[in-house]
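Below is one structure, written out as structure tokens; comments come after it.
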Amino acid sequence: MRNFITEIIDEHKNDGRFNGVVHTRFPPEPNGYLHIGHAQAICLNFGIAEQYGGLCNLRFDDTNPAKEEQEYIDAIIEDVRWLGYDWDDRLFFASDYFDALYEMAVDLIRIGKAYVDELSQDEIREYRGTLNEPGVESPYRDRPADENLRLFEKMRAGGFKEGEAVLRAKIDMSSGNINLRDPVMYRIVDVPHPRTGKTWKIYPMYDFAHGQSDSIEGVTHSICTLEYEDHRPLYDWYLDNIEIFHPQQIEFARLNVSHTVLSKRKLIRLVQENHVTGWDDPRMPTISGLRRRGYTPSAIRNFSEDAGISKVKGVVDLHKLEYHIRQDLNKSANRVMAVLNPLKVVIENYPDDQVEALEAINNPEDEAAGTRMAPFSKVLYIERDDFMEDPPRKFFRLAPGREVRLRYAYFITCTDVVKDENGHIVELRCRYDPATRGGAAPDGRRVKATLHWVSARHALTAEARLYENLFTVEAPEADAEKDFTEFINPDSLKIVDPIYVEPSVKSAAVGDRFQFERLAYFVVDQDSTSDKLVFNRTVTLRDQWAKLRKKTANPSGKKRRRRN
RNA sequence: AGGGAAGUAGCUCAAUCGGCAGAGCAGGUGCCUUUGGAGCACAAGGUUAAAGGUUCGAGUCCUUUCUUCCCUGCCA
């Protein structure tokens, strides 16, 4: 990994700033599930530690019990671990430091750099000033240290109600940086904390907790997102005035991905308003959603690396994520034949009761994956899209009178098309060439297409969940007039039940990944039962035919105007 | 009375402290194929936001301008 952050670290190594030590941390707030953007931050922090022979801690930023829950803590731990990272015994919580933080606050009060303010919340806001006008100092600002000490103790003891008093740092009410206008250090929150229960009535603000937590843990490089740039002077101020070890905060641009949303508030809405089935819905950009969708940790890690780290805010194309999962699964997923939209094929010259087992390669990219046997018989299913009665140019698949190959089986020629009274095609009559067993013609003749198939008698039925982008537009949040939910793709989930799958997958387990040949990658979903498998479509294969068809339908290449 | 940051190909990033602006993805063309979907090859894509300056030479240094983003929670 090489980016502007590693350059900074290299400089520190050269000038000896941290004696060559590199120690990072990933600091989630347990108020939601981790998403692909967090995955990049995880890869960054753990990756840098790994690269420099240092350590990376997992630390929960749990300073606001009003928003945080144990459920999220558990989910986050599972997700980071699944991505393949390990923090040994360094699982920490900001709440581990509540006592230490309290003492630091007391120290700042003693040296006259913090005070208890009894202004109301509205008054504090008014006194703060605006972006263009300086703030006004609170009338409580110059209380003697003794009084502040007594009042702060009273805050801790529950002597004030929520909102009646806060502890503030005494910095500069006229600073251009609003974070420095006497920021709140402690506020009263009277709800139980997931870890400390009812021990505390006061909780430190993020700014008063984060830097010191880094410091206590010996973190050298505290990597965070761009919106904390304005907070760095405050981060530095606390550390300098408390006079403890001073890590370096470095900010980078958080990851954005097209065709989705990544803000916690919006993800929560998707769940609460039932646009999806939960945090782990395979359409969600959460780590748990991607996992259920069939993404692999290595695909996510490669994507994170490829997306890059910089200070430029941008949007990474969703294509890139898909590229990496295809890349990974192409090498690792076993191939299997499955028909999603069946068309019955009867091989007229094949003996009625004969069944042959034909050898099929599990993964052409991995010889070690071996082979399996697929049963072949007189009645088969092929994909309805693989047949056209009146094929256009460049459609090379099956058509009346045309010969194609059934993968690993035989060449077949379509001799007749059977229709129902409505003219709907219900069955194809074909003849096979026994000499082409296995799929090769001894006389060297060639066919232009190879089709996947399943034997009707032997096929397993299963359910397929076909996922597409959750949103129909690249930037669902960009339109100021419209709520992002208006751009939800109505076709983001299509359930196909039954599909027909070759019997070799019968004993597949939840999480097993396959390529259904010529279609897409699929993963066995947790909703599967002992008598019915459920497959989630992870990502389709790249489909040049679909691209070609689109182009032919719209030769100018320009977007067709939408009719209103 | 404002403060902080960022502008390089459609997108994401490079460019070894001044030395021929390069990659990946997407899009394009072609080859190949027992996955038409794997694989491979090729081409295209740029006034480095703009102007001025320094210099033999500027994406890089200086000045000015423009654009975009973040900051006025007792959230993180």
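Nothing here was measured: the structure is a model prediction, and the numbers come from that model. The figures here come from the full heavy-atom set of this structure, side chains too, leaving out hydrogens, waters and symmetry mates.
Within the nucleic acid shown, A:Glu29 comes within 4.0 Å of sugar-phosphate atoms alone, with no base atom in reach, counting heavy atoms only. Residue A:Lys313 is classed as a sugar-phosphate contact, given heavy-atom separations below 4.0 Å to backbone atoms only. Heavy atoms of A:Asp317 sit under 4.0 angstrom from primed sugar atoms or phosphate atoms, though from no base atom. Among the atoms of the strands shown, base atoms are found under 4.0 Å from some heavy atom of A:Ser120. Counting non-hydrogen atoms under 4.0 angstrom, A:Gly129 reaches a base of the nucleic acid. The residue A:Ile124 sits close to a base: some heavy atom pair falls under 4.0 Å.
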Where do N or O atoms of nucleotides 41-47 of chain B meet protein N or O atoms at under 3.5 Å, pair by pair?
none

Dot-bracket for RNA chain B, 5' to 3', with Watson-Crick and G-U pairs under 3.5 Å, [ ] for crossing pairs and | for other-strand pairs: what is it?
.((((((..((((.....[..))))..((((.......))))......(((((..]....))))))))))).....
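Exactly one of A:Lys170, A:Arg128, A:Arg141 qualifies for a salt bridge (Lys or Arg N to Asp or Glu O under 4.0 Å) with A:Asp182. That residue is A:Arg141.
The nearest heavy atom of RNA chain B to A:Asp306 and to A:Pro364 marks one nucleotide each, and the one closer to the 5' end goes with A:Asp306. Mapped onto RNA chain B by nearest heavy atom, A:Glu7 and A:Phe516 fall at different nucleotides, with A:Glu7 at the one closer to the 5' end.
Of the P atoms belonging to B:rU72 and B:rA15, the separation is 33 Å, rounded to the nearest Å.
For B:rG73, the O4'-C1' to base torsion is within 90° of 0; the nucleotide is therefore syn.
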